[in-house]
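So that the names make sense, note that chain A is the first sequence line, chain B the second, and so on, each numbered from 1.
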Protein chains: 2
Amino acid sequence: MAAESELNTGVLLFLPYRALENRIFAVLAESGHEDVTPAQARVLQRVGPDGTRLTELAEQAQITKQTAGFLVDQLEKAGYVRREPDPSDRRARLVCLAEKALAAKEIADGVVAEVEKEWEEHLGRRRMKQLREALTALREITDPWA
Amino acid sequence: MAAESELNTGVLLFLPYRALENRIFAVLAESGHEDVTPAQARVLQRVGPDGTRLTELAEQAQITKQTAGFLVDQLEKAGYVRREPDPSDRRARLVCLAEKALAAKEIADGVVAEVEKEWEEHLGRRRMKQLREALTALREITDPWA
DNA sequence: GACTTTGGTCAGATTCTCTGACTACTTTGG
DNA sequence: CCAAAGTAGTCAGAGAATCTGACCAAAGTC
């Protein structure tokens, strides 16, 4: 590692990301969702409001569709998602959020809001805004689904 | 997910992080380091220039010391690290970077520099600076080892 | 010197992930 | 309309990564 003040941007991005994720999992566990694993969460997070196909979940989470299937099986058994037939393609099925996932999502969103508030208090409103703005702009060249 | 323009800061941090990581692994694989797995890399990344204890590696990577030991075993077999006795504590051993790891690190650093340059070109010098500055400040409240 | 903490290992189980092979449905180009 | 090619998903089996629990040896504390 270089001198303390010169960490590369990757590490700099990762540190707050992980801090946030840790906070979310801690609160989720406290509120009766200790059964969601990080791997499952990475898939669950990507299920859209109208359902999402397995293949699409796999792509976005950067895992194989077999792995995605495995994780969705578990999420289904645990009551977080349902699989419904896709009306537009009989091969496909849509993974949809169930009640339990919506409740968990609400809790997670609350933690995110809380942490974002803490960050804004630490950075000041102006720098927080600059941060979000720069990251949003960066998305244009780093997010394949932007 | 919310409207496109309103992604939470966690996702916003994660997207560029993963893009960078993917680039690093791609180049590393091309240059004869296809044997380092992501899990190993997360440990390897945290080995300091003067060697680092297993327990410390485990803490920083947020894995158990058993897992860390398992990964270091593999890195050692693959020639990326050595284990040397810690002169200050006869129980402990220091995990030290070997030649092969230094070479890989040089390559990785090159990719990071390249990607940072691309980002700066996209954002402009000013916003890139603001981004790094905000992230560095955030480290004060999100990095337990800051 | 007994007690507690800390650094690390061993053993075994579980979870996550992958590759390869396969079925069923859809799309496309005559 | 039909054959070929592509896409959605599953099954089977293997390998990688991770954990918990039990343990040993050296350090630190009273």
| query | Can you tell me how far P of D/dA8 sits from CD of A/Gln60, to the nearest Å? | reply | 13 Å
| task | Ignoring backbone atoms, establish whether A/Thr67 has a side-chain N or O less than 4.0 Å from OP1 or OP2 of C/dC16. | result | no
| said: With nearest nucleotide decided by heavy atoms, which residue, B/Arg53 or A/Arg91, maps closer to the 5′ end of DNA chain C? | reply: B/Arg53
| task | Kindly say if A/Gln66 contacts the phosphate of D/dA12, meaning a side-chain N or O under 4.0 Å from OP1 or OP2. | result | no
| Counting just side-chain N and O atoms, does B/Arg42 come under 4.0 Å of either OP1 or OP2 of D/dT18? | yes
| task | Using whole Å, report how far CZ of A/Arg93 lies from C1' of C/dT26. | result | 17 Å
| query | Expressed in angstrom and rounded to an integer, what is the separation of B/Asp86 atom CG from C/dT9 atom P? | reply | 13 Å
| note | Taking D/dA17, C/dT26, C/dG7 as options, the one with an atom nearest any side-chain atom of B/Thr37 is D/dA17
| task | Output the single nucleotide from D/dA12, C/dG7, D/dG9 whose closest atom is nearest the side chain of A/Ala92. | result | D/dG9
| field | Given D/dT10, C/dC16, D/dT18, the nucleotide with the shortest approach to the side chain of B/Leu71 | value | D/dT18
| Identity of whatever pairs with C/dG12 - Watson-Crick or G-U, under 3.5 angstrom | D/dC19
| field | Whole-Å gap separating P (C/dT6) and CD (B/Glu59) | value | 10 Å
| Please give, in whole Å, the distance from C/dT19 P to A/Phe70 CZ? | 16 Å
| query | Starting at CD1 of A/Ile63 and ending at C1' of C/dT15, how long is that distance when rounded to a whole Å? | reply | 13 Å
| task | Let me know the distance between CG of A/Leu94 and P of D/dA8, rounded to the nearest Å. | result | 12 Å
| said: Taking only side-chain N and O atoms of B/Thr64, does any of them lie within less than 4.0 angstrom of OP1 or OP2 on D/dC19? | reply: yes
| Which one, D/dA17, C/dG8, D/dC19, comes nearest to the side chain of B/Ala39? | D/dA17
| Point-to-point distance, once rounded to the nearest 0.5 Å, from CG of A/Leu138 to CH2 of B/Trp119 | 5.0 Å
| Side-chain donor-acceptor pair present, A/Tyr17, A/Glu21, cut-off under 3.5 Å | yes
| task | For the pair B/Arg127 and B/Glu120, find out whether any cationic side-chain nitrogen is under 4.0 Å from an anionic carboxylate oxygen. | result | no
| query | Of the candidate nucleotides C/dG7, D/dG9, D/dT18, which contains the atom at the shortest distance from the side chain of B/Asp89? | reply | C/dG7
| said: B/Arg93 vs B/Glu84, test: side chain to side chain contact (heavy atoms under 4.5 Å, CB included). Steps then yes/no. | reply: CA-CA 5 Å; B/Arg93 288 197 284 168; B/Glu84 296 178 2; over 6 Å; no
| said: It should be established whether B/Arg83 places a side-chain nitrogen or oxygen under 4.0 Å from OP1 or OP2 of nucleotide C/dT9. | reply: yes
| Presence of B/Thr55 side-chain N/O under 4.0 Å of C/dG8 phosphate oxygens OP1/OP2 | yes
| said: Closer than 4.0 angstrom, basic N to acidic O: yes or no for A/Glu56 and A/Arg46? | reply: no
| task | Whole angstrom is fine here: how far is it from CZ in A/Arg90 over to P in D/dA8? | result | 16 Å
| request: Starting from the C-alpha separation in whole Å, work towards a yes-or-no answer on side chain to side chain contact (heavy atoms under 4.5 Å, CB included) for A/Asn22 and B/Gln62. | output: CA-CA 10 Å; A/Asn22 287 160; B/Gln62 296 193 3; 3.2 Å; yes
